[in-house]
Asks: 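The structure's right below; bear with me while I get my questions together.
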Amino acid sequence: MSDASRRNFLRSATLTAGALTLAGCRSLSQTQWVQDVLYTAEGLTRRVQRLFAGTHTLAKEYAKSDIAPVFRANGTLNPPTDDYQQHVRDGFVDWEVKVEGLVEHPLTLSIADLRKLPSRTQITRHDCVEGWSCIGEWTGAPLKLVLAMARPKPNARYCVFYCADPMTDTDNDGVADDDFYYESHDLLECTHPQTLLAYQLNGKPLPVANGAPVRLRAERQLGYKQAKYIERIELVESFAHIGGGKGGYWEDRGYNWYGGI
Ligand SMILES: Nc1nc2c(c(=O)[nH]1)N[C@H]1C(S)=C(S)[C@@H](COP(=O)(O)O)O[C@H]1N2
Ligand SMILES: [Mo]
């Protein structure tokens, strides 16, 4: 896109949301809702890790020469719903990401809208609890810019990411689980500079297997926290009422909510 249209987009985003000036890390982290997250005691491991790691410590970034020739895919590789398959055929032009819940300005963003936002590119290592890791280059819109436009309300504490893939019988009890994949992160993680709504892997549109058209990258967290196929982001005060109440599809089945590496 041209500089002029980028400026226009930014201007209209600023006018509608009045918030892009808040996007700078410092001003955002001084707001009350981020401060509240910083001082919330949610469990010793997380608190202690945060104390040692600092608040916005960057995950390690790698060189181009470290990038794996093929980025391994895991979990859902191609959501089988009619709806998703139609989006694949349409090249995801009508895909929308809704941002709603405890926000002043609910948003609906197309992939084109996300691409118009200032982007970040980072080469990072993905670590899956199943015992493998892979280095790839991700490009996307920093989630904090999207949140700054949506303006979280003071009581918002988490983002819940709802995905387009239904999970089938992951507990192997012979009955298809009709739950969709979902995940959540606190607002500290969501405003981290390396937390992206990523639409590109290794310089190309995100492959279907890796979460097309948009997936989360929260680089200080394990693989299962990296929600793929994102359709909706809900800001909530608590996730006790969502799914099994543990903050994520795998958390509801026993994984830790805090997936810090
Ligand atoms: N929507 C969705 N997101 C998901 C999963 C999934 O099955 N569905 N699997 C998770 C797990 S366990 C891992 S390791 C990573 C895999 O991402 P990749 O396919 O790009 O390697 O996605 C995570 N996010
Ligand atoms: Mo994983």
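In each ligand, atom 1 is the first atom listed, and ligand 1 is the first ligand listed. Since the structure is predicted, the reported quantities are computational estimates derived from the model, not experimental observations. All residue numbers refer to positions in the sequence shown, counting from 1.
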Asks: Give me the ring orientation class for Y224 and Y255: parallel if the planes are under 30° apart, tilted from 30 to 60°, perpendicular past 60°.
Replies: perpendicular

Asks: So which bit of A73 gets within less than 4.0 Å of ligand 1, heavy atoms only: side chain, backbone, both or neither?
Replies: both

Asks: Considering non-hydrogen atoms of the protein only, which is the closest contact for atom 3 (N) of ligand 1, and what is the distance?
Replies: K228 N, 3.0 Å

Asks: Out of Q200, K204, K64, which residue meets the side chain to side chain donor-acceptor pair (under 3.5 Å) rule with E137?
Replies: K64

Asks: Need the ligand 1 atom indices (1-based, order shown) with element for anything under 4.0 Å from a heavy-atom of C128.
Replies: 14 (S)

Asks: Can you report which non-hydrogen protein atom sits closest to atom 21 (O) of ligand 1, along with the distance?
Replies: R72 O, 2.7 Å

Asks: Quick one: pull up CG in L143 and NE2 in H192 and give me the separation to the nearest 0.5 Å.
Replies: 12.0 Å

Asks: Report the distance from atom CG of N74 to atom SG of C128, rounding to the nearest 0.5 Å.
Replies: 4.5 Å

Asks: Which atoms of ligand 1 are found less than 4.0 Å from any heavy atom of C163?
Replies: 1 (N)

Asks: Please work out whether any backbone atom (N, CA, C, O) or any side-chain heavy atom from C-beta onward of Y249 is under 4.0 Å from ligand 1, and answer side chain, backbone, both or neither.
Replies: neither

Asks: Could you check, using the six-membered ring where one of them is a Trp, whether Y158 and F239 have ring centers closer than 6.0 angstrom?
Replies: yes

Asks: Any nitrogen or oxygen of T76, main chain or side chain, under 3.5 Å from a nitrogen or oxygen of ligand 1?
Replies: yes

Asks: Check whether any side-chain heavy atom of W138 lies under 4.5 Å from a side-chain heavy atom of Q194, and answer yes or no.
Replies: no

Asks: Does the distance from a Lys or Arg side-chain N to an Asp or Glu carboxylate O, for E237 and R157, drop under 4.0 Å?
Replies: no

Asks: Check whether any N or O atom of Y229, backbone or side chain, sits under 3.5 Å from an N or O atom of ligand 1, and answer yes or no.
Replies: no

Asks: Identify the closest protein heavy atom to atom 23 (C) of ligand 1: which residue and atom is it, and at what distance?
Replies: G223 O, 3.2 Å

Asks: Would you mind checking if K98 and E231 are paired as a salt bridge, meaning a charged N to carboxylate O distance below 4.0 Å?
Replies: no

Asks: Under 4.0 Å, heavy atoms only, figure out whether ligand 1 is touched by the backbone of H126, its side chain, both or neither.
Replies: side chain

Asks: Between Y84 and Y229, what is the ring plane arrangement, given parallel below 30°, perpendicular above 60°, and tilted in between?
Replies: perpendicular

Asks: Has ligand 1 got any nitrogen or oxygen that is less than 3.5 angstrom from a nitrogen or oxygen of W250?
Replies: no

Asks: Using a heavy-atom cut-off of under 4.0 Å, does the side chain or the backbone of A209 touch ligand 1, or both, or neither?
Replies: backbone

Asks: Report the part of W132 in contact with ligand 1, treating N, CA, C, O as backbone and CB onward as side chain, heavy atoms under 4.0 Å; options are side chain, backbone, both, neither.
Replies: side chain

Asks: Under 3.5 Å, is there a donor-acceptor pair between the Q85 and N78 side chains?
Replies: yes

Asks: Return the residue, atom name and 0.1 Å-rounded distance of the protein heavy atom closest to atom 24 (N) of ligand 1.
Replies: Q226 O, 2.9 Å

Asks: Kindly compute the distance separating CD1 (I261) from CZ (R220), expressed to the nearest 0.5 Å.
Replies: 10.5 Å

Asks: Nearest protein heavy-atom contact for atom 9 (N) of ligand 1: which residue, which atom, what distance?
Replies: Y181 OH, 3.8 Å

Asks: What atoms of ligand 1 come within less than 4.0 Å of a heavy atom belonging to G75?
Replies: 7 (O)

Asks: Suppose we measure from atom 17 (O) of ligand 1 to each protein heavy atom; which comes out shortest, and what is that distance?
Replies: R215 NH2, 3.1 Å

Asks: Looking only at protein heavy atoms, identify the closest one to atom 1 (N) of ligand 1 and say how far it is in Å.
Replies: D165 OD1, 2.8 Å

